Amino acid sequence: MIISSFPKFRRALLAWSAAHGRDLPWRRTRDPYAILVSEIMLQQTQVATVLSYYREWLRRFPDVRTLAAASASDVLHAWQGLGYYARARNLHAAAKIIVEQHRGTFPTSAEEIRKLPGVGRYTANAVATFAFDHSLPIVEANTARLLARLLNLQLRIDSTAGQQHLWSLATGLLPRHNAGTHNSALMDLGALICTPGQPNCPACPVREFCTAVHPAKLPLKKPRTELKQLTEHHSYIRRNGSILLEQSTDRWRGMWIFPRLANPPAAAPLHQSHFPFTHHRVALRIFKTKAPRGMAANQKWTKVEEVEQIAMPSPHRRALRELLAASAAGSCRNTSSYVNFNTR
DNA sequence: AAGCCGGGGGT
DNA sequence: ACCCCAGGCTT
């Protein structure tokens with residue numbers, strides 16, 4: 001890309017986005033709180049997944065004061081199923097900081113926004129550019145791919161040097177005014193035309209500026225680390241109409257899971273399933289065991305009617321729904337065993 | 001610089 | 001089975 005061609009690039013990009021850009025709910029507001037919510041949710045999470053969570057979140061926590069006043073368990077419950085739960089804890093903490101240290105007024109500079117927990121360079125600039133129209137660059141998955149192809153970048157985009165090239169170009173392309181629209185257009189182009197698999201180059205409004213020789217082979221990335229197998233054992237303990245659950249202290253911190261079982265019994269598990277977890281493939285096995293004499297401090301009996309009200313990670317949530325359904329069906333048929341091998 | 005953190009969608 | 005995703009934090 002030649003610097004003198006940047007104005008032409010911007011005009012072509014803008015004309016395209018006016019006709020083909022996406023209409024997304026967080027673009028229909030300038031409320032920095034709502035935009036921050038969307039940006040945190042969208043970290044490593046696809047737009048289609050976020051949509052329903054975003055609407056429900058703003059219904060439950062319509063403003064920063066409501067979120068700051070909410071309980072940690074309510075916040076985690078609203079995030080349930082989205083993954084990367086530290087994001088929810090950070091967003092909650094950020095709301096408290098804004099209320100307690102900024103008197104409820106959202107900070108307007110990217111520097112101040114970036115001091116909030118869970119907010120890095122991308123998210124700070126995104127909120128500043130979309131909420132306040134500040135002329136700041138953004139580089140995330142869509143724009144990184146697009147810019148790497150424009151540059152025919154032969155560096156890995158997840159390397160320090162590669163990142164420097166991307167942020168540098170993103171900065172150079174910025175207009176003085178209406179940067180929010182410009183940045184949205186870059187993302188849309190990456191998401192709709194300059195796609196990961198086979199980019200739709202014939203439909204690209206800026207193809208004349210692109211130097212990629214083999215665009216489908218870009219961007220370069222570090223090869224993924226290999227998957228490791230894990231097996232995790234848990235207990236299914238029912239008493240009257242309740243189930244014993246345990247609040248996790250490490251992975252899924254603060255969420256409720258089946259109690260961990262150090263020594264699995266020889267009997268067949270009631271439930272088995274598999275789920276991916278970062279670079280692991282976990283076999284989840286749940287055994288029927290007897291109620292313990294005492295209860296650990298992080299455990300509690302939860303009524304079956306109330307399990308939907310507490311935050312559980314997706315694999316345990318799915319297992320619980322399956323076990324309850326099997327249990328209900330089993331009691332109707334008056335059987336006592338409901339072994340379920342859901343091995344996928 | 002590398003590892004860690006979830007879960008679902010698309011192919 | 002893979003790869004991908006509006007990243008950030010910790011080591």
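Since the model is a prediction, treat every value here as computed from it, not as a measurement. Just so we're on the same page: letters track the sequence lines, and every chain starts at 1.
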Electrostatic pair Glu111(A):Arg114(A) at N-O distance under 4.0 angstrom: no

Sidechain N-carboxylate O distance under 4.0 Å for Arg145(A), Glu140(A): no

Of the nucleotides [options], which one has an atom closest to the side chain of [X]?
X	options	result
Arg224(A)	dG3(B), dC3(C), dG8(C)	dC3(C)
Arg318(A)	dA2(B), dG8(B), dG6(B)	dG8(B)
Thr123(A)	dC4(C), dG6(B), dG8(C)	dG8(C)
Ala141(A)	dG7(C), dG6(B), dG8(B)	dG7(C)
Ser314(A)	dA2(B), dG7(B), dG7(C)	dG7(B)
Asn142(A)	dG8(C), dG3(B), dA6(C)	dA6(C)
Pro196(A)	dG7(B), dC4(C), dG7(C)	dC4(C)
Arg145(A)	dC4(B), dC5(B), dC4(C)	dC4(C)

Heavy atoms only, 4.0 Å cut-off, all strands: where does [X] land among base, sugar-phosphate and nothing?
X	value
Val47(A)	base
Leu82(A)	base
Leu36(A)	nothing
Tyr84(A)	base

Polar side-chain contact Arg22(A)-dA6(C) base: donor and acceptor under 3.5 Å: yes

Side-chain-base donor-acceptor pair under 3.5 Å for Thr278(A) and dG3(B): no

When the [atom1] atoms of [M] and [N] are compared, how many Å lie between them, rounded to an integer?
N	M	atom1	answer
dC4(C)	dG6(B)	C1'	14 Å
dC5(B)	dC5(C)	C1'	14 Å
dA6(C)	dT11(B)	P	14 Å
dG8(B)	dC9(C)	C1'	23 Å

For the student: nearest non-hydrogen atoms of Glu112(A) and Pro107(A), plus distance: CB-CB, 3.6 Å

Distance-minimising heavy-atom pair for Ala319(A) and His271(A): CB-NE2, 3.5 Å

Closest-nucleotide 5' rank along DNA chain B - winner of Ala161(A) and Pro313(A): Ala161(A)

Phe275(A) vs Ser159(A), nearer the 5' end of DNA chain B by closest nucleotide: Ser159(A)

Between atom [atom1] in [X] and atom [atom2] in [N], what is the gap in whole Å?
X	N	atom1	atom2	result
Leu227(A)	dA1(C)	CG	P	11 Å
Arg317(A)	dG8(B)	CZ	P	12 Å
Gln43(A)	dC5(B)	CD	P	17 Å
Arg89(A)	dG8(C)	CZ	C1'	13 Å
Ile257(A)	dG6(B)	CD1	P	12 Å
Lys222(A)	dC4(B)	NZ	P	11 Å
Gln44(A)	dG8(C)	CD	P	9 Å
Asp158(A)	dC3(C)	CG	C1'	14 Å

Stacked cation flag Arg30(A) on Phe132(A), 6.0 angstrom / 45 deg: no

Within 45° cone and under 6.0 Å: Arg121(A) NZ/CZ vs Trp167(A) ring: yes

Identity of whatever pairs with dG6(B) - Watson-Crick or G-U, under 3.5 angstrom: none

Hey, is the side chain of [X] poking within less than 4.0 Å of OP1 or OP2 on [N], counting only N and O atoms?
X	N	answer
Trp252(A)	dG7(B)	yes
Tyr85(A)	dG7(B)	yes
Arg156(A)	dA1(B)	no
Gln46(A)	dC5(C)	no
His279(A)	dC4(B)	yes
Lys221(A)	dC5(C)	yes

Residue met sooner reading DNA chain C from 5', once Arg114(A) and Trp26(A) are mapped to nucleotides: Trp26(A)

Residue mapping more 5' on DNA chain C - nearest nucleotide basis, Pro117(A) or Ala191(A): Ala191(A)

Lys8(A) side chain near Phe209(A) side chain, heavy-atom distance below 4.5 Å: yes

Parallel, tilted or perpendicular: ring planes of Tyr54(A) versus Trp26(A), cut at 30 and 60 degrees: perpendicular

